[in-house]
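Each ligand, and each atom within it, is numbered from 1 in the order the structure gives.
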Amino acid sequence: MTALNDPNHDLTAPWWRDAVVYQVYVRSFAATGTGAGHVDGLGDLPGITSKLPYLRDLGVDAVWLTPFYTSPQHDHGYDVADYRDVEPRFGTLSDADALASTAHDLGLKLIVDLVPNHTSEEHEWFRAALAAAPGSPERARYLFREGRGPDGAEPPNNWQSVFGGPAWTRVEDDGRPGQWYLHLFDDTQPDLDWRNPEVGDMFESVLRFWLDRGVDGFRVDVAHGLHKEASLRDQEVGDGATPSSESQESAGGGSMVERTLRDEPMWDQPEVHDVYRRWRRVLADYPGDRMMVAEAWTQTSASMADFVRPDEMSQAFNFSWLLAPWSAGAFRDVVSGTLDALAPVGASPTWVLSNHDVVRHTTRYGGGPVGLARARAATLAMLALPGSSYLYQGEELGLEQVDVPAELRQDPAWLRLQGRPGGVGRDGCRVPMPWAGDHPPYGFGSGSGQPWLPQPLDWASLTVAAQEGHDGSTLEFYRAVLAARRDLLHGTSVQLLDAGEDLLAFTRDGLSVVLNAGPASVELPEGDVVIASGPLTDGRLPADTAVWLA
Ligand code: GLC
């Protein structure tokens, strides 16, 4: 049915085209407790470095680190105060250098996060903007505007923050209520004005700063957001609807599956592509296939494909599987829709089931044994697809979303959205990794210090130490799948098969891959079992199970 254009493996293809990338959420991966600025219970860069051999043994190709730059941590690092330095709580620049060189020694590539849509309110530019007058060059780096209504007491337009509430905050000018600034996220994250050339120049120098230090690529935060429609006009909303800057929290945004288009003057403006063309030229100045991957929650698959045209981004996250329900039909649509959308621009696909912004997929698929069986099946199918896959820390342990008590939640989205449906925030997928031991902090950190978010009391059987070497554990399953993928899967061609309503079935490189999303077991197709996501009995493929057959 659907095939990628080139059936032959291209040995000269850049490393990232079929890489498995492991996302490290810096606060929550591992802590050594060393370093002047260290805070008990918080992950740090030396902690990550100490666990890189674990990631090499897991079998991934690259590590993506969430932002570790100087930051007041209102959005846990996605509020950057200094793009060229390391948050003291996480370590120092030389810790970052040590991490990069250890990764490279182990054969791992390193991707860092770039946050260009907004700075922290503590960035020197924003401090200068607050201290300067309306109309000044300092204010012109951000989106300051006069308010509407009597005395400018109403926000300049009707846009809403992704985290809830108005996307505008008013400042004081000369001791009196003054201008408003735009923040599509938290009010501590003022949006930059990408129509101001100073902003583009600053980010080119930030890119070069990290490229010079040897990073292999960038994950670009909110890549569809940098330019807003120049007029900053109101968002048109249907009768009775409220305006919103809906994004990753909603099931609608970014899907490859087409839907009714909303009016979005704050997202996905054509000018943003010039930024990525410029960055592509910067990357090309450096040896070794440096890359960038867009976090772009666009409304259509066609506009997603625009981000990965040959002179722009290397990849874009494809959130469509992550957004799909547990359904073979939905998975089939995701695979064919993705390949069809990317074929015209020749980009390789990406796949992802979880990240630090969404409910973990074990839980999305129902939780408990069923959720875990489905999560493993979806992973096995995903890792057989051509292109690159992104894994989120802890999914290799089968971790579930944690119900963090309300009084301990820290996500700014929770703080702005609480009380609204679905507004619990994202803390539940960010609980620190359990490494070893019977009780919290499960080897996270150096001693008894409790992690910044509490770990469940029943994680003892899920720790790395508890799963390592145990046949059938989720950790050993991931290791086996990643090893088999390296050995067996190199081609870019995939053939979707019509195997009935309940099955996702495809072939790639002579392997048959079948996922049973139906309620009952089915007969196993012909072939020798290479790997299965769960036990197979009597030559049958149980419900919620996937298999590779040779
Ligand atoms: C991205 C990040 C998310 C962050 C937001 C604002 O969506 O993944 O964690 O809150 O951008 O930077």
Subject >> Side chain, backbone, both or neither: H74 near ligand 1, heavy atoms under 4.0 Å >> reply: neither

**OP:** Using non-hydrogen atoms of the residue, decide whether H118 is closer than 4.0 angstrom to ligand 1.
**Re:** yes

Original post:
For F163, is the nearest heavy atom under 4.0 Å from an atom of ligand 1?
Top reply: yes

Original post:
So, do Y83 and F203 have ring centers that fall under 6.0 Å from each other?
Top reply: yes

Original post:
What part of H183, side chain from CB on, backbone N/CA/C/O, both or neither, has a heavy atom under 4.0 Å from ligand 1?
Top reply: neither

**OP:** Provide the number and element of each atom of ligand 1 under 4.0 Å from a heavy atom of R426.
**Re:** 3 (C), 4 (C), 9 (O), 10 (O)

Original post:
When you measure from the side chain of D79 to the backbone N and O of Q189, does any donor-acceptor pair fall under 3.5 Å?
Top reply: no

**OP:** Show which atoms of ligand 1 fall inside a sub-4.0 Å distance from at least one heavy-atom site of D221.
**Re:** 1 (C), 2 (C), 6 (C), 7 (O), 8 (O), 11 (O), 12 (O)

Subject >> Centroid-centroid under 6.0 Å between W435 and Y442 rings >> reply: no

Original post:
Which of the numbered atoms in ligand 1 are below 4.0 angstrom from a heavy atom of R430?
Top reply: 9 (O)

Original post:
W297 to ligand 1: N or O pair under 3.5 Å?
Top reply: no

**OP:** Just jot down the ligand 1 atoms closer than 4.0 angstrom to any heavy atom of D75, in number order.
**Re:** 4 (C), 5 (C), 6 (C), 10 (O), 12 (O)

Original post:
Parallel under 30°, tilted from 30 to 60°, perpendicular over 60°: which one fits the rings of H118 and F185?
Top reply: tilted

**OP:** Mark yes when over 12 heavy atoms from residues, nucleotides or ligands other than D403 sit less than 6.0 Å from its CG; otherwise mark no.
**Re:** no

Original post:
Any idea which atoms of ligand 1 are less than 4.0 Å away from a heavy-atom of E295?
Top reply: 1 (C), 7 (O), 8 (O)

**OP:** Could you tell me if the ring centre of F317 sits under 6.0 Å from that of F319?
**Re:** yes

Subject >> For ligand 1, the portion of H76 having any non-hydrogen atom under 4.0 Å away >> reply: neither

Original post:
Are Y181 and W125 an aromatic pair by the rule of ring centers under 6.0 Å?
Top reply: no

Original post:
Less than 6.0 Å separating the ring centroids of H183 and W159?
Top reply: no

